[in-house]
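All figures in this text were calculated on a predicted structure; none of them were measured in a lab. The residues of the chain are indexed from 1 along the displayed sequence.
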Amino acid sequence: MPSLQESKIAFIGGGNMASAIIGGLLTQGIPKQNIAVAEPWDVNRNKMAALGVRATASNAEASSDADLVIISVKPQVTETVCKELATVWSERNELPVVVSIAAGITLDSLKGWLRTNSGRVAHVVRVMPNTPALLGQGASGVFASAEVTEQEKELVNALLGSVSQVTEWVDKEELLDVVTGLSGSGPAYFFNMVEHLVSSAVALGLPQEQASRLATQTCLGAGKMLVESPDSPAQLRKNVTSPNGTTYAALQTFEKLGFESMVNQAVTAATNRAAEMGKQ
């Protein structure tokens with residue numbers, strides 16, 4: 001198994017997440033000629049070509065000699081794409097490692113669709129990334145089929161390290177649904193919180209632009225403290241909460257309105273929906 005620097009990498013689908021990972025790989029010095037992208041839409045394909053990587057409309061062409069293949073298409077077309085790849089790879093001596101970021105598609109489904117005419121199946125890894133990967137600040141949950149070797153896991157770690165600050169391997173596939181409810185959908189929870197912080201401040205008289213700048217920087221600063229401080233989130237909260245002070249008044253309101261229950265229900269709803277998508 002070659003290192004990431006030496007590997008030929010193919011992306012099936014050239015959307016935002018593929019673009020983010022490719023940008024991260026190029027930043028790490030991965031040779032452009034080692035990266036291929038199969039993308040049917042002219043606009044996206046041209047964007048990929050502008051990065052200097054090989055861009056084609058053909059899944060077969062992009063993946064024919066790849067060591068690592070990233071399936072980054074929409075869930076509803078994943079089956080068609082995988083079956084096409086299995087047919088193309090039937091004549092290959094060695095099958096690539098496949099990384100799927102198609103939401104909700106289970107390993108059993110992927111392995112069934114990727115089975116070649118000779119009965120061989122590529123080693124498959126499922127990844128749940130999130131949108132901060134577009135800025136190189138992603139968090140990814142990962143689960144591998146039993147056949148995936150430690151060396152192959154290291155290759156996937158190196159791949160995800162180009163866009164993710166945190167990569168967590170879970171030991172049960174269903175835990176990827178929890179990762180989806182936590183970090184996969186999580187950025188939207190923070191966006192929604194900031195959205196309402198801004199509207200509340202505006203309703204109380206603060207200009208929109210000032211409220212937006214203050215709220216977004218507060219979110220960024222708090223996130224940086226969470227990452228860099230040795231203290232737990234609970235302790236950080238206590239550190240800024242003076243008895244009977246302003247923060248205390250706000251947190252008491254959260255408690256009275258059932259904030260903890262609301263968050264629990266939201267994460268559970270997203271987790272359950274991820275599981276439903278996998279079954280469908």
Side-chain angles (χ1 to χ4, degrees), residues 16-17 20-21 24 101 103-104 126-143 156-157 160-204 206 210-275:
N16 286 337
M17 195 56 67
I21 297 173
I101 59 176
R126 280 188 63 193
V127 177
M128 172 47 62
N130 64 4
T131 54
L134 298 170
L135 301 176
Q137 295 294 320
S140 299
V142 195
F143 181 74
V156 174
N157 275 334
L160 296 177
S162 65
V163 292
S164 289
Q165 297 298 312
V166 173
T167 300
E168 296 291 342
W169 292 78
V170 297
D171 55 11
K172 296 179 181 178
E173 186 172 12
E174 56 265 31
L175 291 178
L176 277 186
D177 296 330
V178 182
V179 172
T180 301
L182 174 61
S183 56
S185 299
Y189 311 157
F190 290 93
F191 300 152
N192 196 226
M193 180 70 171
V194 171
E195 179 184 4
H196 292 308
L197 285 172
V198 171
S199 63
S200 295
V202 170
L204 291 169
L206 201 63
Q210 289 184 331
S212 180
R213 286 194 292 268
L214 287 167
T216 53
Q217 181 57 40
T218 297
C219 187
L220 175 63
K224 196 170 179 66
M225 289 181 72
L226 283 166
V227 171
E228 296 183 1
S229 172
D231 292 336
S232 68
Q235 185 59 49
L236 289 171
R237 171 181 54 78
K238 292 175 183 176
N239 292 347
V240 296
T241 307
S242 301
N244 297 317
T246 58
T247 306
Y248 177 82
L251 293 177
Q252 284 295 104
T253 303
F254 279 160
E255 186 174 339
K256 289 176 183 177
L257 294 175
F259 184 67
E260 180 181 359
S261 175
M262 192 185 309
V263 173
N264 288 341
Q265 290 181 60
V267 174
T268 300
T271 299
N272 291 342
R273 180 57 186 147

>> Please find the pair of heavy atoms, one from S140 and one from S164, that lie closest to each other, and give the distance.
In response: OG-OG, 2.7 Å
> Is the number of heavy atoms from other residues, nucleotides or ligands within 6.0 Å of CE (M262) greater than 12?
Replying inline: yes
> For the atom pair CG (L197) and OG (S212), what is the distance rounded to the nearest 0.5 Å?
Replying inline: 11.0 Å
> With a 4.5 Å heavy-atom cut-off, do T247 and S242 have their side chains touching?
Replying inline: no
>> I'd like to know whether L176 forms a side chain to side chain contact (heavy atoms under 4.5 Å, CB included) with R126, so could you lay out the CA-CA distance, the side-chain angles of the two residues, the decisive distance to 0.1 Å, and finally the verdict.
In response: CA-CA 9 Å; L176 277 186; R126 280 188 63 193; 3.6 Å; yes
>> Can you tell me if N192 has over 12 outside heavy atoms packed within less than 6.0 Å of its CG?
In response: yes
> Between OG1 of T218 and CE of M193, what distance do you get to the nearest 0.5 Å?
Replying inline: 10.5 Å
>> For W169 and N157: C-alpha separation, side-chain torsions, deciding distance, then whether side chain to side chain contact (heavy atoms under 4.5 Å, CB included) applies.
In response: CA-CA 10 Å; W169 292 78; N157 275 334; 2.8 Å; yes
> So how far is it from I21 CD1 to L160 CG, rounded to the nearest 0.5 Å?
Replying inline: 6.5 Å
> If you look at every heavy atom in A20 and V163, which pair is closest and at what distance?
Replying inline: O-CG1, 3.2 Å
> Of the non-hydrogen atoms in V198 and A215, which two are nearest, and what is the gap between them?
Replying inline: CG2-CB, 3.6 Å
> Is a side-chain donor or acceptor of T216 paired with a backbone partner of R213 at a separation under 3.5 angstrom?
Replying inline: yes
> Are Q235 and N239 close enough, and set up right, to give a side chain to side chain contact (heavy atoms under 4.5 Å, CB included), and what steps lead you there?
Replying inline: CA-CA 6 Å; Q235 185 59 49; N239 292 347; 2.8 Å; yes
> To the nearest 0.5 Å, how far apart are NZ in K238 and CG in D231?
Replying inline: 10.5 Å
>> Can you pull out every side chain to side chain donor-acceptor pair (under 3.5 Å) where at least one residue sits in residues 250-261? Sequence neighbours excluded, please.
In response: S261-Q265
> Which heavy-atom pair separates T271 from G181 by the least distance, and what is that distance?
Replying inline: OG1-CA, 3.8 Å
>> Give me the atom names and distance for the closest heavy-atom approach of A133 to M17.
In response: CB-SD, 3.8 Å
> Between L236 and S229, what is the shortest heavy-atom contact and its length?
Replying inline: CD2-OG, 3.6 Å
> Quick one: OG on S199 to CG on L204, what's the gap to the nearest 0.5 Å?
Replying inline: 9.5 Å
> To the nearest 0.5 Å, what is the distance between OG1 (T180) and CE (M128)?
Replying inline: 3.5 Å
> Looking at L134, N130, L135, which hits side-chain contact (heavy atoms from CB on, under 4.5 Å) with P132?
Replying inline: N130
> Of T246, T241, V240, which is the lone residue that meets side-chain contact (heavy atoms from CB on, under 4.5 Å) with L251?
Replying inline: T241
>> Could you walk me through whether V178 and V170 satisfy the side chain to side chain contact (heavy atoms under 4.5 Å, CB included) test, starting with their C-alpha distance in whole Å, then the side-chain angles of each, then the deciding distance to 0.1 Å, before giving a yes or no?
In response: CA-CA 10 Å; V178 182; V170 297; over 6 Å; no
>> Going by ring pair (Phe, Tyr, Trp, His ring centres under 6.0 Å), name the residues that satisfy it together with F254, two or more places apart in sequence or in a different chain.
In response: F259
